[in-house]
Amino acid sequence: MIVQQEVDLQPFNTLAVPATAERLCAVTTLGELQDALALAQAEHLHLHVLGGGSNVVLHPRLKGLVVQMRIQGREILERLPDSVLLRVGAGENWHELVEWCLGQGLYGLENLALIPGTVGAAPVQNIGAYGVEIFRFIERVEGLTLPDGESVCLSAQRCEFAYRDSVFKNRLRNRFIITAVVLRLPLFFTPEISYPALREQLTAEQAGELTARAVFNAVCHVRRTRLPDPQTIPNCGSFFKNPLVSWFLYEHLQNLYPTMPSYDVPAQPGVAPLRKLAAAWLIDQAGWRGKVFGQIKVHDHQALVLTNPNRVGADAVLAAAEAISRDVKERFGVVLEMEPQVFGG
Ligand SMILES: Cc1cc2nc3c(=O)[nH]c(=O)nc-3n(C[C@H](O)[C@H](O)[C@H](O)COP(=O)(O)OP(=O)(O)OC[C@H]3O[C@@H](n4cnc5c(N)ncnc54)[C@H](O)[C@@H]3O)c2cc1C
């Protein structure tokens, strides 16, 4: 395991904020990860785990040890008549996995095509797009606990998955490193095309039978037309989660704005009913789409995405996010929660 010092992290985060890691090591095996943990423990270093850096805001200097997850591997553990159990290394590229599964006749992940980042980060925020969330397919998550390095396997239930949330963002934040994800994938394709833009795209393209490949292609097309490519316009995807609000607030806003989009939230025992609003709509209504604050620009085609064309630092990004959420709170009484994780500071 090679540990580098004072490493430039700008190439390793899709928002392209300038940042330096005091120390950095890329781990490709479980053994290397254990060595990194031992080093962090021996030298009392704070440990940060980085996958593809597509959902983080990095402060200029990260003290301690940044571990870049690079563990590879795809292994079929079990084959049943209707499904397959697949174990994937946490450092595998997410989109490449989706495409590979499609080629193998393993279905379910089509709607999650083109989400940047690694497989190990997918359970962290329970990635989701176009009506599908990854939790549906997760059987278990394997990893090491911090700081002791104990090997632990968490069932999907123990991952406490919720909308863009899991135990890894809460109770196990900075206390668990995911090394592999075990997925149960169906061998039969069931289309999920409830999302209007996806349906429109499929109607335009699809002449005959609806296939998983057609859904995959449509998802890729919709994403390419609506979302900026981080390679050319630095960004970290949706900057805010869609807010869950009380029915009281929802009805109040619905009366004021009858065209406001909103979505069902599955009822939970003991929890007052909630309604999900579209953060992009609120930000757009508040006049932020296409606007520049400091040097941060709200994307022209998607108000949820903050872009960093001049590659400025975390302070500018967080100041823009703060100004937007303050404005949305004042206008609509809705609190926006940030989606990316902030490192350092
Ligand atoms: C253009 C664009 C579009 C996007 N679209 C979507 C979308 O449609 N849906 C969606 O859900 N997200 C989306 N995202 C956000 C992002 O791609 C996902 O959250 C992705 O899963 C992050 O993966 P990563 O490897 O880059 O994680 P990183 O950004 O490196 O890390 C994110 C968090 O996960 C933690 N983490 C990473 N790997 C591990 C590990 N092995 N063990 C423990 N913790 C770990 C990190 O410590 C950090 O807290 C988008 C981002 C961009 C830039």
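Heads up: numbering here begins at 1 and tracks the sequence. Predicted, not measured: the structure shown is a model, and the values here were computed from it. Counting starts at 1 for both ligands and their atoms, following the listed order. Worth knowing before you read on, the calculation uses all heavy atoms, side chains too, and leaves out hydrogens, waters and symmetry mates.
Side-chain polar atoms of R184 and S83 form a donor-acceptor pair below 3.5 angstrom. A side-chain donor-acceptor contact under 3.5 Å links Q125 and E339. Between N235 and N308, the side chains place no donor N or O within less than 3.5 Å of an acceptor N or O (distance only, hydrogens not considered). In the model, Q285 has no side-chain atom that pairs as donor or acceptor with a side-chain atom of R331 under 3.5 Å. Side-chain contact check for E192 and S194: at least one donor-acceptor pair (N or O, by modelled atom type) lies under 3.5 Å.
Ring planes of F135 and F161: tilted class, angle from 30 to 60°. Ring planes of W281 and Y257: perpendicular class, angle over 60° (limits at 30 and 60°).
Nearest to atom 23 (O) of ligand 1 among the protein's heavy atoms is A121 CB, 3.2 Å. When only non-hydrogen protein atoms are considered, atom 26 (O) of ligand 1 lies nearest to S54 OG, 2.6 Å. The protein non-hydrogen atom at the shortest distance from atom 46 (C) of ligand 1 is V49 O, 3.2 Å. For atom 28 (P) of ligand 1, the nearest non-hydrogen atom of the protein is G53 N, 3.6 Å. Atom 21 (O) of ligand 1 has as its closest protein heavy atom I127 CG2, 3.3 Å. The nearest protein atom to atom 9 (N) of ligand 1, hydrogens excluded, is given as G128 O, 2.8 Å; this is a heavy-atom distance. Of all protein heavy atoms, the one closest to atom 45 (C) of ligand 1 is V124 CG2, 3.8 Å. Protein heavy atom at the shortest distance from atom 13 (C) of ligand 1 is I115 CG2, 3.8 Å.
Not a single donor-acceptor pair under 3.5 Å links the side chain of K297 to the backbone N or O of R289. N242 contributes no side-chain N or O that, together with a main-chain N or O of A278, makes up a donor-acceptor pair within less than 3.5 Å. Side chain of E110 to backbone of G108: a donor-acceptor contact under 3.5 angstrom is found. The closest donor-acceptor contact from the side chain of N126 to the backbone of A122 lies at 3.5 Å or more, if one exists at all.
By heavy-atom distance, the residue among K241, H95, H48, R223 lying nearest atom 8 (O) of ligand 1 is R223. Summarising the contacts of atom 49 (O) of ligand 1 with R164, Q341, R173, the nearest heavy atom is found in Q341. The heavy atom nearest to atom 11 (O) of ligand 1, out of those in M69, Q68, Q125, is found in Q125.
Here's the thing with N55: one of its N/O atoms is less than 3.5 angstrom from an N/O atom of ligand 1. The shortest N/O to N/O separation between L50 and ligand 1 does not fall below 3.5 Å. The shortest N/O to N/O separation between L227 and ligand 1 does not fall below 3.5 Å. Where the criterion is an N or O separation shorter than 3.5 Å, residue side chain and backbone included, P116 meets it with respect to ligand 1.
Around the CG atom of L80, the shell of radius 6.0 Å holds more than 12 heavy atoms that belong to other residues, nucleotides or ligands.
Shown in contact with A129 at under 4.0 Å from a heavy atom are these atoms of ligand 1, numbered in order with element: 8 (O). The distance from ligand 1 to the heavy atoms of F343 drops below 4.0 Å at these ligand atoms: 46 (C), 47 (O), 48 (C), 49 (O). The contact set between ligand 1 and C236, taken as ligand atoms under 4.0 Å from a residue heavy atom, comprises 51 (C), 52 (C), 53 (C). In summary, the atoms of ligand 1 found under 4.0 Å from a heavy atom of N235, numbered by their order in the structure, are 1 (C), 53 (C). Those atoms of ligand 1 that come under 4.0 Å of a heavy atom in G117, given as number and element, are 23 (O), 24 (P), 25 (O), 26 (O). Within ligand 1, counting atoms from 1 as listed, the ones closer than 4.0 Å to a heavy atom of I178 are 40 (C), 41 (N), 42 (N), 43 (C). Each of the atoms 53 (C) of ligand 1 lies under 4.0 Å from some heavy atom of T14. Numbered from 1 in the order shown, with element, the atoms of ligand 1 that lie under 4.0 Å from a heavy atom of I177 read 42 (N).
Of the residues listed (V305, V317, T307, T14), the one engaging C236 in a side-chain contact (heavy atoms from CB on, under 4.5 Å) is T14, and it is the only one.
Contact between F176 and ligand 1 is present, with at least one heavy atom of the residue lying under 4.0 Å from the ligand.
A salt bridge links D264 with R275: at least one charged nitrogen is closer than 4.0 Å to a carboxylate oxygen.
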